[in-house]
Amino acid sequence: MSNDQSDKDLYWQEGRIPASRQFEDIYYSPENGLEESRYVFLQGIGAPEAWRNRHRVSIGETGFGTGLNFLLSVHEWLQVAPADARLFYLSVEKYPLAPEDIRKALAPWPELCGELEELLAAYPEPIQGFHQRSLFGGRVTLLLLFGDACDMLDKVVPAPLDAWYLDGFAPRRNPDMWNERLFAALARLSGPGTRLATFTAAGFVRRGLEDAGFAMEKAPGFAGKRECLRGIFTGDSAQPERPYLVGEPWYNPPAPLPRSGHIAVVGAGIAGMMAGWHLTRAGYRVTVLDRQEAPMQEASGNPAAILDPFLSVDDGREGRFHRHALLHALQFYRNLPEGIFYACGLERRAASDKEQTRFNRIMETTPLPEHLLEQKEDGSLCFPTLGYLIPEKLCAFLNRDLDFRGGQQVETLEKRAGRWHLRDENDHTLIETDAVILATPSLIRKLPLTSHLPLEALSGQISLFRTPAAAPDHVITEEGYVVPSLVLQGRRVTVAGASFLPLADPDLMPAVTEREHDENRAKAAALLPQLAGADLLGGRSAIRYFSPNHLPYAGPVPDRDFYLQEYESLRHGPRHKPLPDARYHGGLYVLSALGARGFLTSPLLAAQLTGLICGNIPPLEQKISHALHPARFLIRELVKGR
Ligand SMILES: Cc1cc2nc3c(=O)[nH]c(=O)nc-3n(C[C@H](O)[C@H](O)[C@H](O)COP(=O)(O)OP(=O)(O)OC[C@H]3O[C@@H](n4cnc5c(N)ncnc54)[C@H](O)[C@@H]3O)c2cc1C
């Protein structure tokens, strides 16, 4: 997928109306696209009236096109929605238009200008997959799925939407999209009362939607068109309560947390701070607790953190997760105030011939465009838009609107009368709350409710050297890494990292050692020879935590006893009877095991967890969501025990 494809396909009728060569169809009505959108789609689902007193509105769309329906919906929703309301908008698009074409297509409607600029500033790369954007100060979440409508909708973690706009090219011109698979996918993402509107009145569309569970009716068409369709989901009689849940019930998402709920995040490292920031933006009251007096003092407290992506040759779950995390992090960090993220470029050199071969293969298969990833003549990989962050500055930004409480060492947690009680070592209650996010791996290992989540601890140390005269202007990585030059307490410092050592006792903070300084110096000098004799100015050590497959945990905490009992039959081969829905310790979540790339993955992980908590479709596809699910090792054990 690339803009080339859509550029070639797109042409302008009468120099102003965007149209597709492939589908021989226009993107919107030449009469008045805006009014058509308002009539067919917004009025078709009862909007904007239906949005007036709603605190949460969710819309799905097939065919993002120029973004006209999205922008008009946002425009109208902003006029009528309560100030603390949130809009979630999912849209699928197989052939994303280039931003400049969207701008040209929407030029006739200056009233949408503000919304358009906000969209274009965040518009994703035309790379197949999921792209979530948080717009209008977090009031609007846009989840764009670039790819085939059926393929993409089948991949999302199901959560019922309030309404559907079925747009896109006309059924007779685009028969691949309008089919039973699409109608079933819409039903999977609908609940009783979900409304639907479409410009077409094609008989097979109406019948297909009826078969999928929508009660359909015809309405007069816009501007001389004969008719259009409106519908309402009346449910699937097979699963009347949660018709959208199918597949592996042990991964079914828990019920969302009401917006009035309070959330305590334990651990103010990058995981907890990102979660706190995202949940506050989603409208929750959040308190972040940490045993340290200030946030981001342990693993997340280095003077610099590089954004060093994991790339894989295949397009497996791990590779897709990391690519998604990279694109999401780039979008997140580059919009922050100055002084937090330095996009100075990152060069990755191969540490061996084998790695060089891997780099070459990555370049053959990567969907990342050249402005994000290129290969130098010497074979190294270059990420011109990456670089490093200053965690202290990032922390100040994330902490701006958070209720942070330092010096709070949580030792136990207990649920009583539907509320979680977090206590210290003297059994004194630190906080009582509706939901808890554990973002502290050391505590997850200790608590009886979470100690079954496997976590491996590795210590690591960075070393700070006086910056040599001819320091490079970008980050270089190989076996180690160097961040060229920061100013710390008035001195120019080069950060070199990092060691990886198994830990005998993860409860003890590892000490800074000369041996690891020597190791860091040797690895850094291989990248920047002047560092061999540079003055050592200091160092820092901390613990990184990994899950056994090195993917993080992001999701609800399973009730282990329930899983072992109710899913016992997984030990005995294929299932013959339906198994019950997953059961969790309601309101308890983990966001942890961020390993060696917490700064790169935490923006996406926090968005994922926020989606799950507030009941939106989360930004990661279902397979990846399952790969991060805290129950995955429990299930694996059961299946392996066959
Ligand atoms: C040497 C080194 C270099 C690294 N370099 C990079 C890099 O360049 N780029 C990158 O992306 N990643 C890097 N990492 C990895 C990154 O630091 C981690 O992925 C990330 O910091 C993990 O964040 P966290 O929030 O899970 O953990 P932490 O930052 O450790 O946060 C956990 C928090 O929980 C608190 N806590 C613990 N127990 C309790 C309790 N009982 N009650 C209350 N609070 C508690 C702690 O005080 C701490 O603040 C590096 C790691 C190391 C060790």
Side-chain angles (χ1 to χ4, degrees), residues 264-276 287-310 322 325-326 329 333 346 386-391 394-395 398 404-413 422-425 430-431 436-447 455 457-464 475 477 480-483 495-501 503 506-507 509-510 512 516 519-520 539-547 550 552-554 590-603 605-606:
V265 178
V266 188
I270 190 62
M273 294 300 283
M274 276 289 174
T287 303
V288 182
L289 309 172
D290 200 285
R291 64 182 172 191
Q292 305 288 348
E293 290 303 328
M296 286 174 54
Q297 297 299 301
E298 298 201 359
S300 308
N302 284 344
I306 60 171
L307 295 182
D308 181 22
F310 170 88
H322 281 283
L326 162 67
Y333 289 129
L346 182 140
L386 291 181
Y388 65 93
L389 295 155
I390 305 292
L394 174 61
C395 177
L398 296 173
F404 170 76
R405 298 188 198 167
Q408 311 279 299
Q409 171 129 355
V410 177
E411 289 294 335
T412 60
L413 64 94
L422 276 56
R423 301 205 183 86
D424 66 10
E425 59 179 351
L430 297 170
I431 199 163
V436 179
I437 294 170
L438 295 173
T440 149
S442 50
L443 187 62
I444 292 169
R445 284 164 68 111
K446 276 200 302 205
L447 291 172
L455 277 167
L458 289 179
S459 79
Q461 179 174 316
I462 54 157
S463 305
L464 309 179
V475 176
T477 74
Y481 65 82
V482 286
V483 182
V495 180
S499 55
F500 281 81
L501 289 177
L503 261 185
D507 287 332
M509 203 37 95
V512 172
E516 284 167 87
E519 198 189 301
N520 284 342
R540 214 177 161 275
S541 62
I543 308 176
R544 317 170 182 89
Y545 285 89
F546 297 85
S547 77
H550 283 212
Y553 294 115
V590 286
L591 182 59
S592 202
L594 271 55
R597 291 189 167 85
F599 286 85
L600 194 92
T601 55
S602 55
L605 291 169

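None of the values given here were measured: they were computed from a predicted structure. Order of listing sets the numbers, starting from 1, for every ligand and every atom in it.
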Atoms in ligand 1 with a heavy atom of [X] nearer than 4.0 Å:
X    : answer
V410 : 40 (C), 41 (N), 42 (N), 43 (C)
G267 : 33 (C), 34 (O), 35 (C)
A542 : 53 (C)
Q292 : 47 (O)
L594 : 19 (O)
Q408 : 42 (N), 43 (C)
S442 : 37 (C), 38 (N)

Of all the heavy-atom pairs spanning [X] and [Y], show the shortest one and how long it is.
X    : Y    : value
I543 : P510 : CG1-CD, 3.6 Å
M273 : V288 : SD-CG1, 4.3 Å
L591 : A275 : CD2-CB, 3.9 Å

Pairwise side-chain contact, [X] with [Y], heavy-atom cut-off 4.5 Å (strictly under):
X    : Y    : result
T287 : R405 : yes
Y481 : L346 : no
L389 : Y333 : yes
Y388 : V495 : no
V410 : L438 : no
Y545 : R445 : yes
N520 : S499 : yes

Assess Y481 for proximity to ligand 1: is some non-hydrogen atom of it under 4.0 Å away?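 Contact check Y481 vs ligand 1: positive.
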
Is R597 in contact with ligand 1, taking contact as a heavy-atom separation below 4.0 Å?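 Judged by the 4.0 Å heavy-atom criterion, R597 does count as contacting ligand 1.
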
Under 3.5 Å between any N/O of [X] and any N/O of ligand 1: does that happen in this structure?
X    : value
M296 : no
L443 : no
E298 : yes
G272 : no

Passing candidate, side-chain contact (heavy atoms from CB on, under 4.5 Å) with R423, options L430, L413, I431, T412: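 When side-chain contact (heavy atoms from CB on, under 4.5 Å) is applied between R423 and each of L430, L413, I431, T412, only T412 qualifies.
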
Quick test of your reading of the structure: of [options], whose heavy atom lies closest to [atom]?
atom                    : options                : answer
atom 48 (C) of ligand 1 : I462, L591, D290       : D290
atom 44 (N) of ligand 1 : R445, E411, R291, Q409 : R291
atom 20 (C) of ligand 1 : P295, S300, A305       : S300
atom 53 (C) of ligand 1 : R544, M509, R540, Q461 : R544

From E293 CD over to Q408 CD, what is the distance, rounded to the nearest 0.5 angstrom?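 The CD atom of Q408 is 8.5 Å from CD of E293, to the nearest 0.5 Å.
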
Gap between atom CG of L394 and atom CD1 of I390 - 0.5 Å precision: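 Taking CD1 in I390 and CG in L394, the distance rounds to 10.0 Å.
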
Where's the contact between [X] and ligand 1, heavy-atom distance under 4.0 Å: side chain, backbone, both or neither?
X    : answer
A596 : backbone
A439 : backbone
L307 : neither

In terms of residue, atom name and distance, what is the protein heavy atom nearest to [atom]?
atom                    : result
atom 7 (C) of ligand 1  : I306 N, 3.5 Å
atom 31 (O) of ligand 1 : G269 CA, 3.3 Å
atom 16 (C) of ligand 1 : G595 O, 4.0 Å
atom 4 (C) of ligand 1  : N302 ND2, 3.7 Å
atom 39 (C) of ligand 1 : T440 OG1, 3.6 Å
atom 11 (O) of ligand 1 : F599 N, 3.0 Å
atom 26 (O) of ligand 1 : A271 CB, 3.8 Å
atom 17 (O) of ligand 1 : A299 O, 3.0 Å

Ignoring hydrogens and angles, state whether a donor on the side chain of Q292 or E298 is under 3.5 Å from an acceptor on the partner side chain.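 Side chains of Q292 and E298: pair found under 3.5 Å.
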
Under 3.5 Å, is there a donor-acceptor pair between the side chain of S300 and the main chain of I270?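 Yes, S300 side chain to I270 backbone: donor-acceptor pair under 3.5 Å.
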
Answer yes or no: is there a donor N or O on one side and an acceptor on the other, between the side chain of R544 and the main chain of A299, under 3.5 Å?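 No, because the side chain of R544 does not come within donor-acceptor range (under 3.5 Å) of the backbone of A299.
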
